[in-house]
Enquirer: 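Provided herewith is a single structure, encoded as structure tokens, for subsequent inquiry.
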Amino acid sequence: MVKGSDPSYLKSLNSRQLEAVLHYGSPLLILAGAGSGKTRVITTKIAYLVDQQQFDPRCILAVTFTNKAAKEMKQRAVALAPEAGEVMIRTFHSFGAWLLRRNASLIGLSPYFTICDEQDSLSLLKSAVKDKLPGELTGSDARRQRKEFLHCINRAKDCCLGPDDDLRSLSHHEDLPEVYRAYQRYLQRSGNVDFGDLIMRSVQLLQDNPEVKKRISQRFRVVLVDEYQDSNIAQFHLLDELYDKSNYICVVGDEDQSIYRFRGAEMENILNFDRTFPGTMVIRLEENYRSTGNILAAAGSVVKNNRRRLGKNLWTRKGEGARILMVHLEDQEHEARFCSDLLKDGGYGNTAILYRMNFQSRSFETLFNRLEIPYRVVGTLRFYEREEVKDALAYLVLLLNPNNIVAFARAIGKPRRGVGEKSLDKIKAVSRDHGMDLLAAGKTALDSLRGRGAGGAEQFLSLMDHLGERLDKSKPALLIKEVITKSGLYDHYRERDLAEGSSRLSNLEELVSALSEYPAGREGLSRYLEDISLNSSDEDPYETTPRVTLITVHNTKGLEFERVIITGLEEGVFPLYSGLEESAFPDEEELEEERRLFYVAITRARERLVLITCATRKIFGRERWQTPSVFLDEVPAEIMDVYGQKSVEEELPLGCGVFHEQYGSGIITRKWMQGSEPMVVVRFENGRSARFCLNYTPLERIAMDDWS
DNA sequence: CAGAGCGTCTTCCGC
DNA sequence: AGACGCTCTG
């Protein structure tokens with residue numbers, strides 16, 4: 001079986017990596033530290049299986065976390081062994097979509113079902129709740145409540161729980177089951193699934209249809225999972241359904257990099273893997289090829305404060321490298337200015353500026369635009385989430401799936417045709433009562449529509465008829481072109497561009513060219529729609545000028561940069577306090593997740609690491625005092641250089657003990673800015689409180705033990 | 001039914 | 001500070 005000599009790609013591996021590549025048989029857990037050559041191991045393993053072990057590539061399934069990672073994995077595997085091109089490499093969600101489409105009829109869906117994003121989900125939920133609980137959710141906080149419900153529903157799906165299951169661990173809201181049920185019914189009727197459904201319904205499909213399960217688990221003899229630390233319970237179930245004792249399963253992950261708890265990731269999956277799959281072999285990859293010694297020391301010293309971990313020790317053959325730079329600044333404008341100063345060395349392409357929340361990019365963008373520093377912002381406003389793009393696509397979505405309520409409402413209402421809520425409700429009612437799709441229902445309801453609505457609806461429906469006739473013959477690019485011109489969207493957006501100085505028309509042109517790569521007919525269109533709904537990053541591959549990268553920490557997963565600047569290292573920002581109240585400190589689990597996030601951020605750096613903390617920051621349009629992140633204390637002082645001084649604020653954070661010459665010892669209970677004057681309220685030992693301006697009143701910081 | 005004007009509440013992270 | 005949704009008016 002095995003060819004005469006080892007292929008060259010095995011020779012460059014270290015012994016642990018080699019062991020992981022060659023292993024076969026029992027379940028395998030690879031604990032791969034940051035920068036330990038994880039992707040290389042997986043791709044080599046794939047290549048080895050198809051190239052040396054003569055596995056049929058179609059028997060191998062590799063699951064990644066992002067489409068970008070999937071793409072990269074395939075490229076690298078193919079570079080090692082061309083046969084790997086046939087291996088199925090997908091994200092969990094994309095695999096779910098594949099499985100559901102092939103078996104759509106078994107679960108009462110058209111194979112052309114559409115995957116809805118959060119916006120679509122919210123609007124579906126709105127209609128569902130309106131029918132179900134009239135008047136219930138119409139208050140001023142209706143939107144907030146819908147979001148809350150949707151959040152719970154998503155979490156339920158992450159756990160594979162349906163509306164009839166016990167949901168009390170998620171929310172005690174008594175309406176949740178009913179809202180969930182109504183929402184699911186709406187999704188089904190509308191021919192939609194959401195992200196959670198892609199996994200949950202796949203699990204159900206396999207559980208309810210033994211013959212499908214048998215077929216699938218016989219096909220995929222080898223299942224590889226990357227980023228296993230971020231899998232959720234539903235994904236675990238899916239894996240469990242695919243698993244068969246005669247199959248080979250291998251998961252790769254790093255519990256220290258588990259950063260998606262907020263959307264249902266379950267660290268227990270990786271922590272318990274060896275118990276769940278008896279006979280598991282565990283291999284640790286601890287040699288780091290990315291970062292200098294000092295950077296690894298910082299990372300290790302931070303993450304060792306976490307209790308929930310399996311533990312590993314990263315090491316490197318590189319030297320200590322440069323010291324870590326820690327910077328105290330006044331506010332986010334100074335933060336941006338400091339970064340621009342660092343960039344005077346011209347290292348645009350080698351530098352990434354990391355932040356916890358997307359909106360933090362603003363101060364950098366403003367300044368960099370002014371200074372003409374080239375930058376790219378990773379992962380904001382996706383192209384297909386733009387209003388005009390969604391508008392045009394709604395017509396095509398509706399062609400493929402004429403039950404799609406969201407797309408129907410969007411398309412018939414944009415541009416304005418005089419069809420409003422009333423007319424729409426009539427059409428929906430006809431569709432429901434007569435069991436016809438929305439386009440057919442529209443025609444039936446035409447007679448009963450009054451006034452402006454009638455003419456508009458008729459015009460719209462005849463356009464859809466015309467497009468429908470061409471659906472199977474025309475290329476998607478031609479169809480969308482026709483949609484844009486004949487629907488009136490072109491005129492609509494030309495006027496708006498003129499009025500607002502925007503460039504939405506050019507986005508529509510971009511849409512046409514994006515579609516031009518897809519083949520004619522339903523299949524091509526359907527493939528395009530799936531690609532855009534599951535693809536997060538659409539980076540321009542023709543990008544050549546070196547640019548600074550502005551990116552959230554979450555988005556840096558799997559990336560590395562020569563120089564990394566982590567900004568906003570302040571209590572409440574990083575670690576983020578999610579509660580609305582200032583006092584909503586994170587619990588231990590949340591804090592550990594934030595710490596892992598910080599760990600991920602640090603380990604993105606190859607050579608240089610800069611940590612920035614500001615004394616004040618504008619949040620929600622209000623200037624707020626900030627306290628340096630607790631994480632900064634966890635980086636060893638002996639490998640850091642400190643720039644800038646601690647401000648008055650940092651020396652006297654909220655809650656610290658202070659001494660006043662006259663009044664004695666007390667504690668700071670409030671802080672705010674009065675104009676440019678920093679003010680505090682101190683509660684003294686005798687129980688009395690007093691207000692001071694820090695510029696005029698000397699307060700000495702003391703340890704709390706001194707007086708309490 | 002559509003657009004203007006106004007009040008609200010917000011924004012973590014993302015497949 | 002800005003987006004969004006709701007209300008009011010033509």
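In what follows, chains are A, B, ... by sequence order, proteins preceding strands, each numbered from 1. Atom set for the values below is all heavy atoms of this structure, side chains included, hydrogens, waters and symmetry mates excluded.
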Enquirer: Within this structure, what is the NZ-to-C1' distance between A:Lys557 and B:dC13, rounded to whole angstrom?
Expert: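 One finds 11 Å between C1' of B:dC13 and NZ of A:Lys557, rounded.
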Enquirer: A:Ile619 CD1 to B:dC12 P: how many Å, rounded?
Expert: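 Taking CD1 of A:Ile619 and P of B:dC12, I get 12 Å after rounding.
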Enquirer: Taking only the C1' atom of each, what is the distance from B:dC12 to C:dG5 in whole angstrom?
Expert: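 That atom pair is separated by 22 Å.
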Enquirer: Does A:Thr66 make a side-chain N or O approach to OP1 or OP2 of B:dG14 shorter than 4.0 Å?
Expert: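 No, because none of the side-chain N or O atoms of A:Thr66 sits under 4.0 Å from OP1 or OP2 of B:dG14.
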Enquirer: Starting the side chain at C-beta, find the nucleotide from B:dG14, B:dT11, C:dC6 nearest to A:Lys126.
Expert: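 Nearest to the side chain of A:Lys126 among the choices is C:dC6.
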Enquirer: Of the nucleotides B:dC12, B:dT11, B:dG14, which has the atom closest to the A:Phe359 side chain?
Expert: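 Ranking B:dC12, B:dT11, B:dG14 by closest atom to the A:Phe359 side chain puts B:dT11 first.
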Enquirer: Can a cation-pi geometry be assigned to A:Arg101 and A:Phe113, taking NZ or CZ under 6.0 Å from the six-membered ring centre and within 45° of the ring axis?
Expert: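 Output yes; distance and angle both within limits.
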Enquirer: Roughly, in whole Å, what's the span from CG in A:Asp226 to C1' in B:dC15?
Expert: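 A:Asp226 atom CG is separated from B:dC15 atom C1' by 15 Å.
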Enquirer: Does the side chain of A:Asp194 pick up a donor-acceptor pair with the side chain of A:Tyr183 at under 3.5 Å?
Expert: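 The answer is yes; a qualifying pair exists.
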Enquirer: Examine the side chains of A:Ser629 and A:Glu570 and answer whether a donor and an acceptor come within less than 3.5 Å of each other.
Expert: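 There is no such pair (donor and acceptor under 3.5 Å, judged by atom type) between the side chains of A:Ser629 and A:Glu570.
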Enquirer: Under 4.0 Å, heavy atoms only, any strand: does A:Asp117 hit a base, just the sugar-phosphate, or nothing?
Expert: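 No contact at all - A:Asp117 keeps every heavy atom at 4.0 Å or more from the nucleic acid.
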Enquirer: Report yes if the ring of A:Phe92 lies under 5.5 Å from the six-membered base ring of B:dC15 with planes under 30°, and no otherwise.
Expert: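 Here A:Phe92 fails the 5.5 Å or the 30° condition.
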Enquirer: To the nearest angstrom, how far is A:Glu593 atom CD from B:dG14 atom C1'?
Expert: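 Going from A:Glu593 (CD) to B:dG14 (C1'), I get 13 Å.
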Enquirer: Which nucleotide sits closest to the side chain of A:Lys422: B:dC12, B:dC1, C:dG2?
Expert: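 Between B:dC12, B:dC1, C:dG2, the one nearest the side chain of A:Lys422 would be B:dC1.
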Enquirer: What closest approach, in Å, do A:Glu255 and A:Met267 show between heavy atoms, and which atom pair accounts for it?
Expert: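 Closest pair (atom of A:Glu255, atom of A:Met267, distance): O-SD, 3.8 Å.
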Enquirer: Report yes if a side-chain nitrogen or oxygen of A:Asn358 is closer than 4.0 Å to either non-bridging phosphate oxygen (OP1 or OP2) of B:dG14; otherwise report no.
Expert: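 Yes, A:Asn358 has a side-chain N/O under 4.0 Å of OP1/OP2 on B:dG14.
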Enquirer: Is the positively charged end of A:Arg263 above the ring of A:Tyr260, judged by distance under 6.0 angstrom from the centroid and angle within 45° of the axis?
Expert: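 Yes, A:Arg263 and A:Tyr260 form such a contact.
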Enquirer: When we call it a touch if two heavy atoms are under 4.0 Å apart, what does A:Lys157 touch: a base, just sugar-phosphate, or nothing?
Expert: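 Result for A:Lys157 = nothing.
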Enquirer: Can you tell which of C:dG2, B:dC12, B:dC13 lies closest to the side chain of A:Leu576?
Expert: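 In terms of side-chain proximity for A:Leu576, the closest of C:dG2, B:dC12, B:dC13 is B:dC12.
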Enquirer: Please determine, for the side chain of A:Arg146, which listed nucleotide (C:dC6, B:dC15, B:dG14) has the closest atom?
Expert: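 When the side chain of A:Arg146 is considered, C:dC6 is the closest of C:dC6, B:dC15, B:dG14.
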Enquirer: Report yes if a side-chain nitrogen or oxygen of A:Ser94 is closer than 4.0 Å to either non-bridging phosphate oxygen (OP1 or OP2) of B:dC15; otherwise report no.
Expert: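 The answer is no; no side-chain N or O of A:Ser94 sits under 4.0 Å from OP1 or OP2.
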Enquirer: Side chain of A:Arg416 only, please: which of B:dC1, B:dG3, B:dC13 is the nearest?
Expert: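 Closest of the options to the side chain of A:Arg416: B:dG3.
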